[in-house]
Each structure stands twice: as C-alpha cells, then as structure tokens.
Amino acid sequence: MEHVQQFGSENAEFSEAGVFARYESNVQSYARSTPAVFAKAVGCEIWDERGGRYLDFLSGAGSLNYGHNNPVLKNALIEYVNLDGITHSLDLHTEAKAQFLTELADTILLPRGLDYVAQFTGPTGTNAVEAALKLARKVTGRTNVVHFTNSFHGVSLGSLSMTGNQVLRKAAGVPLQGAVCMPFDGYYGAGVDTVAILEQMLSDKSSGIDLPAAVIVETVQGEGGLNPAGWEWLSDLEALCKRQEILLIIDDIQAGCGRTGTFFSFEPAGIVPDIVTLSKSLSGYGLPLALVLMKRELDHWEPGEHNGTFRGNNHAFVTAAATLRHYWRSNEFSREVMEKADYLEGRLRGIVARFPKHLERVKGRGFMRGISFADASYAAAVRDRCYALGLICERCGADDEVVKCMAPLTVTPEELAEGLDILERATGDVLSARGSSGPKIRIAAS
Ligand SMILES: *Cc1c(COP(=O)(O)O)cnc(C)c1O
C-alpha cells in the first residue's frame with residue numbers, strides 16, 4: 001500500500017516520546033483505548049505514524065459520515081482556500097454562507113415542506129443544544145425541559161442537565177437545573193407506553209411537574225446505547241406536545257445527516273419538530289459546524305441576543321454545501337445507505353445468533369448499529385481485540401455494554417465486510433478465550 005511508505009516507522013517518534021502522557025490532560029478518553037498516533041486517513045481507512053492501517057468504524061462519533069478527506073469535499077475546500085475565500089466572519093454575510101443556506105433550503109428543507117430558519121451557533125453540538133433550550137424557554141416563558149433516560153445532549157451546563165449519564169453529570173460541580181427526566185421509549189419494556197406516562201404526569205395537577213417549555217429527544221440514542229424511538233412513539237410525542245403547547249426539539253446531531261438513512265432521522269415518523277439541532281456530520285469533512293433549525297414563527301430572538309465568535313465556519317459552509325449538492329439532491333445516496341444498512345444489520349444478527357449466551361441483540365437503526373453484550377466487560381474486551389486486529393470502534397450505553405459500528409456512510413461494501421469480519425473474529429476470540437463460565441445475566445431494558 002503506497003500510503004504506508006510515507007509513514008514508515010522512522011517517523012514514529014511521537015508514540016515513543018510519550019508527549020501525550022506528559023503534556024495532555026488526564027481528561028483524554030478515546031485515546032486511552034485507541035492509543036495509536038494517527039497520521040493519515042482516507043475514506044474508511046486510517047493509518048498511524050508507523051504505517052499501521054485500521055478501518056475506522058468510529059467515524060468521529062458520527063462526524064465523518066462521508067469518510068475521511070472525502071475528495072468531493074476536499075476539492076471544494078481547497079479551491080475555496082486557494083481563492084482566498086473568507087475564513088472567519090463572525091455572523092457577517094458571506095458567499096459561502098449564502099451558498100450553504102441556498103443549498104440547505106433547495107435540497108433539504110423545501111422538498112420536505114419544512115419552513116425553518118437557521119441559526120448558526122458556536123461550532124460544536126452542545127452550542128446548538130444550548131441555543132435550542134434558551135430559545136424554547138424564551139418563546140414559552142417556562143423553565144423546565146423534559147429529556148429522557150439514557151439521553152446525551154452535550155456537556156456544557158444546559159445540555160448536561162439534559163444528559164442522563166451520571167459520570168458526566170457529577171462533573172458539573174453545580175446543580176443541574178431546569179430538567180425533568182422521563183422514561184424513553186421501551187424503558188420499562190415493550191408493553192409500557194412511556195408517552196402515556198408523560199401525558200399523565202403533565203395532565204395531573206398534583207404530579208409535581210411544572211409544564212415544560214420543551215421536550216428534547218434523540219430519535220436513536222447515540223451515546224445512551226443505540227436505543228431507537230418507535231415511529232409511533234415519536235408521533236404520539238409530537239401530538240402530546242401539540243396538545244399541551246410544548247415545543248418539540250429533535251436533537252439530530254448524531255442520528256441526522258443521513259446516519260439512519262434519511263437526511264433527518266425523524267422523516268419516517270412523519271413529524272415536524274419545532275426545533276432541530278444538527279452538528280456532527282453537517283460539514284461532512286469533520287470541520288466544526290452547528291445549526292439550530294426553528295419554525296419561522298418561533299424565531300423570537302432579538303438581534304445579538306445569543307452570539308458566539310465562531311458562528312459561521314466558512315470552510316465548513318463550503319464542505320457542508322458540497323455534501324448536500326453531491327449526496328442529497330437525489331434519493332440515490334439514501335437508497336445506497338439503506339442497502340448497506342440491511343447488510344450491516346444482517347451481519348450483526350448473524351454474530352448475535354452465533355453467541356446467544358453472551359450477546360443480547362442488535363441495536364440501533366439504519367447505519368447506526370451495534371450489538372449489546374450481556375456482560376459489559378466482554379464488550380470492552382471485544383473492542384480491544386478489534387483494535388488489535390485493525391478495526392477502530394467504540395462502545396456506548398449506560399454500562400458501555402454496546403459495541404457500536406459507525407462506519408462512514410460512504411464505506412465500500414468490501415471495507416464494510418472486512419470490518420465486520422474483524423468484529424466477528426474478535427467476538428469469537430474473546431468469547432472462546434473466556435470459556436464457558438458465562439457472564440452474569442443482565443435484565444434487558446427492552
Ligand atoms: C455529540 C452529541 C452532542 C454534543 O455535541 P458536541 O459537539 O460534542 O458538543 C449533542 N447531542 C447528541 C445527540 C450528540 O450525539
């Protein structure tokens with residue numbers, strides 16, 4: 001492989017120098033289980049500084065839906081930079097922004113009958129969530145926002161208050177306020193309608209819950225364990241929000257931008273959220289960009305009432321517009337993703353069927369999938385074994401019990417098969433090495 005030569009072992013100085021252990025904070029997380037020093041990446045492939053090749057089924061936690069250094073996006077960006085296009089502009093009008101907004105409207109919003117206006121926030125997902133929460137509170141004059149068990153919405157204080165994870169919440173250092181946590185779809189098992197529970201709580205004058213400004217929900221809980229909300233559950237939730245005049249915020253930061261097969265993850269539910277947040281794969285190139293879409297009539301912002309120095313990352317506008325132009329003007333890409341998703345699901349089902357004692361089930365939706373282990377320590381061991389065999393993937397769920405497959409949507413069928421072969425082999429290696437003692441049984445939530 002020609003890439004390997006460029007990154008031969010004589011260049012592998014950084015791993016040896018221990019620079020990260022010495023100079024980077026203890027807060028590092030992914031780098032602990034995946035300690036290689038990476039040098040180069042193309043599509044689904046990534047190479048470390050020694051020239052070691054891996055397949056990337058982590059994809060920046062869903063930020064690289066179109067792969068690393070996608071040539072369509074890269075060329076658009078290089079051309080823009082070469083012409084001295086604007087890089088930084090606060091929220092000034094630029095050609096790059098105009099082109100992105102036009103492409104967003106023409107390719108995504110208008111064909112779907114969505115009359116949204118766009119707010120560019122600071123560049124990361126949590127910035128979009130903060131703006132969405134603030135707007136919902138401003139519009140309704142209420143404080144509480146309902147979120148759900150196993151939710152993840154970011155780690156700045158407002159978003160963190162909407163996030164379920166205890167470890168993350170504890171790090172806040174101050175009380176997390178304005179949030180009411182309710183059971184997500186399936187939390188009490190398949191037979192319990194948790195929208196009905198929410199409705200009862202909101203209708204009961206003595207439930208102790210003040211009428212919320214909004215409900216914030218992921219259609220597939222990305223960090224919380226790849227739990228998909230049912231289509232009917234989502235449309236019931238929308239109907240409940242309408243009846244009670246509560247705003248519905250869909251956090252599509254991870255599940256959106258095609259990850260579940262459609263551009264917005266909520267499209268098959270037939271719902272129209274009041275507010276949508278997008279970030280991770282919006283730029284498509286791994287450049288930071290975050291967006292709040294709000295129904296036009298909800299745009300109650302006063303000029304400058306919410307701001308940020310890095311609103312409007314023009315390089316990200318250029319690559320984001322290129323993703324929409326290249327991948328979303330027709331249904332072809334969406335169809336391809338669905339086909340690959342069927343293959344992915346089938347392969348994961350095959351792995352679960354091979355090891356029924358240790359593996360619970362295939363989780364997720366579309367191209368956002370994983371397998372849950374009865375014993376989370378096995379999930380960790382399988383993840384480590386995958387890494388040793390050249391596949392980068394991560395875990396999610398309350399106990400990190402789910403091994404997550406987040407290959408780029410543009411992965412080739414051969415690479416997808418290769419990665420899944422590694423996952424299957426790693427699972428077999430770990431489970432046979434641990435013998436027949438079997439893990440402790442965990443009661444599945446759904
Ligand atoms: C990643 C994520 C966020 C936070 O995005 P950051 O860029 O990490 O701030 C919010 N919501 C969801 C659903 C996410 O997956």
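Position 1 is the first residue of the sequence, and the numbers go up from there. Remember, it's a predicted structure, so these values are computed and weren't measured experimentally. Whatever order the structure lists them in is the order used to number ligands and atoms, beginning at 1.
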Exercise. Scan L416, L423, I422 and name whichever one has a side chain to side chain contact (heavy atoms under 4.5 Å, CB included) with F57.
Key: L416

Self-check item: ligand 1-proximal atoms of T126, by part, heavy-atom distance under 4.0 Å
Solution: both

Quiz prompt | Electrostatic pair E45:K40 at N-O distance under 4.0 angstrom | solution = no

Self-check item: Geometric N/O contact K280 with ligand 1, under 3.5 angstrom
Solution: yes

Quiz item: Non-hydrogen atoms of H153 versus ligand 1: any pair closer than 4.0 Å?
Solution: yes

Quiz prompt | D251 N/O to ligand 1 N/O under 3.5 Å | solution = yes

Self-check item: Salt-bridge present (K340, E336; N to O < 4.0 Å)
Solution: no

Quiz item: Looking at N314, N313, T309, which hits side chain to side chain contact (heavy atoms under 4.5 Å, CB included) with H88?
Solution: T309

Practice problem: Answer yes when K404 and E223 have at least one side-chain N-carboxylate O distance shorter than 4.0 Å, and no when they do not. | Solution: yes

Exercise. Identify the residue among F333, W328, Y327 that makes a ring pair (Phe, Tyr, Trp, His ring centres under 6.0 Å) with F263.
Key: W328

Practice problem: Could you list the atoms of ligand 1 found under 4.0 angstrom from a heavy atom of T124? | Solution: 7 (O), 9 (O)

Quiz item: Atoms of ligand 1 less than 4.0 Å from E218 heavy atoms?
Solution: 13 (C)

Quiz item: With atoms numbered from 1 as shown, which atoms in ligand 1 lie under 4.0 angstrom from a non-hydrogen atom of Q254?
Solution: 15 (O)

Quiz item: Counting heavy atoms only, which part of E223 comes closer than 4.0 Å to ligand 1: side chain, backbone, both or neither?
Solution: neither

Quiz item: Judging by distance only, is a nitrogen or oxygen of V129 under 3.5 angstrom from one on ligand 1?
Solution: no

Quiz item: If we only count heavy atoms from C-beta on, is the L237 to V217 side-chain gap below 4.5 Å?
Solution: yes

Quiz prompt | Shortest protein contact, atom 7 (O) of ligand 1 (heavy atom only) | solution = G125 N, 2.8 Å

